[in-house]
Amino acid sequence: SWYYNSRKVHNYFGFQQYISLDFFEPQIKGMFPADSEVAKLIMERTAATPGPDFIFANTIENHLPYTPLKFKELSVQASGPISEAYKQQIETYATGAADADLMLKTLVEHYAASSEPTIIVFFGDHKPSLGNNYGVYKQGGYMLEDDPDMLHKVYDVPVIVWNNYLPGHKDKLDISPAFLGPYILNLAEMEGTPYM
């Protein structure tokens, strides 16, 4: 709760409640709370309250470091023309990404069966900095040494928006997470603040 003065910052943003690690004892996966625990808490909180909820949940299971011993078992094996040390980083990162995917699946399956209109927005704030000076990306051929498109390659992240009440609605999103607020408000047919 102390990180970035989070308790005060979330209050300034208008959240009615801020739940940090201080308030629950999650299962740890690697070095951090498991994504599955965050999904469980989200489902518990929405079930416990009548009417609409807005939950902004940060997960951290797959945060760096991506050392080989971070997880007890790795569910992904990497191959290709990169060093062994970088393969281990990719395997560790991909294992955490697979858990994030399972978290999203859990949430979608849960809310698909719910009658309460629900929108799930799933995104990251940046790609992982794998290797020294993005060495994994460079050895793998994704990024050049002095890549003119580096900012795009590092900071553009996939965004998934799923809902259980607008059948057939599909948008191909290529937007900054900074614009997700207005996009989601429009999708939900809700008014936002003048800032939005």
Side-chain angles (χ1 to χ4, degrees), residues 1-77 89-128 157-167 169-170 173 177 180-181 183-185 187-188 190:
S1 62
W2 57 267
Y3 195 60
Y4 287 122
N5 207 6
S6 293
R7 186 173 293 148
K8 284 186 178 179
V9 168
H10 284 83
N11 185 46
Y12 297 153
F13 281 150
F15 286 95
Q16 294 170 337
Q17 187 176 30
Y18 172 66
I19 303 171
S20 71
L21 288 177
D22 307 332
F23 298 101
F24 74 110
E25 294 182 27
Q27 172 189 345
I28 301 298
K29 181 88 183 261
M31 301 166 55
F32 301 112
D35 286 356
S36 59
E37 292 292 297
V38 177
K40 181 176 148 189
L41 186 62
I42 291 169
M43 293 181 297
E44 287 172 0
R45 290 295 169 156
T46 57
T49 58
D53 298 293
F54 176 81
I55 296 177
F56 183 80
N58 289 315
T59 61
I60 194 168
E61 175 185 329
N62 204 24
H63 197 276
L64 59 84
Y66 302 111
T67 57
L69 301 176
K70 179 177 178 177
F71 299 116
K72 288 181 183 175
E73 295 179 28
L74 298 175
S75 61
V76 177
Q77 291 186 341
Q89 284 188 28
I90 290 171
E91 290 171 351
T92 301
Y93 172 73
T95 294
D99 281 352
D101 189 51
L102 286 173
M103 175 194 174
L104 178 60
K105 179 183 178 195
T106 298
L107 290 171
V108 167
E109 287 176 349
H110 175 81
Y111 291 106
S114 171
S115 60
E116 185 173 357
T118 302
I119 298 172
I120 296 174
V121 182
F122 198 78
F123 67 100
D125 57 346
H126 60 83
K127 291 186 177 97
V157 294
V159 175
I160 297 169
V161 178
W162 175 89
N163 72 80
N164 66 353
Y165 66 98
L166 297 170
H169 178 90
K170 289 188 178 180
L173 295 179
L180 281 173
Y183 173 80
I184 298 305
L185 284 170
L187 184 64
M190 297 180 74

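Of all heavy-atom pairs spanning Tyr183 and His169, the tightest one is OH-NE2, 3.8 Å. Pairing each heavy atom of Pro68 with each of Thr92, the nearest pair is CA-OG1, 3.7 Å. Across every non-hydrogen atom of Asn62 and Gly96, the tightest pair is OD1-CA, 3.2 Å. Heavy-atom minimum distance, Ala188 versus Ile119: CB-CD1, 3.8 Å. Nearest approach of Met43 to Tyr111, heavy atoms of both residues: CA-OH, 3.5 Å. Closest heavy-atom contact between Tyr18 and Ser6: OH-CB, 3.1 Å.
Expressed to the nearest 0.5 Å, how far CD1 of Ile19 lies from CD1 of Ile55 amounts to 7.5 Å. Annotation: the span from Tyr3 atom OH to Leu21 atom CG amounts to 12.5 Å, rounded to 0.5 Å. With rounding to the nearest 0.5 angstrom, the CD atom of Gln16 is 10.0 Å from the OG1 atom of Thr49. Between Phe71 atom CZ and Met31 atom CE the span is 9.5 Å, to the nearest 0.5 Å. With values rounded to the nearest 0.5 angstrom, Gln77 atom CD is found 9.5 Å from Thr95 atom OG1. Separating the CG atom in Leu173 from the CG atom in Leu180 is a distance of 7.0 Å, to the nearest 0.5 Å.
Taking the six-membered ring where tryptophan is involved, the planes of Tyr93 and Tyr66 are perpendicular, since the angle between them exceeds 60° and thus also 30°. Taking the six-membered ring where tryptophan is involved, the planes of Phe32 and His63 are perpendicular, since the angle between them exceeds 60° and thus also 30°.
Listed by first then second residue, pairs satisfying salt bridge (Lys or Arg N to Asp or Glu O under 4.0 Å) with a partner in residues 49-71 number zero, not counting sequence neighbours. Screening residues 26-41 for salt bridge (Lys or Arg N to Asp or Glu O under 4.0 Å) gives Lys29-Asp99 as the qualifying pairs, with residues at least two apart or on separate chains.
Side-chain contact between Pro177 and Val157: present, with at least one pair of heavy atoms (C-beta onward) separated by less than 4.5 Å.
Around atom CD of Glu44, more than 12 heavy atoms belonging to other residues, nucleotides or ligands sit under 6.0 Å away.
No donor-acceptor pair under 3.5 Å is formed between the side chain of Asn164 and the backbone N or O of Ser115. Side chain of Thr118 to backbone of Glu116: a donor-acceptor contact under 3.5 angstrom is found.
When Leu104, Leu107, Val108 are each tested for a side chain to side chain contact (heavy atoms under 4.5 Å, CB included) with Trp162, only one passes: Val108.
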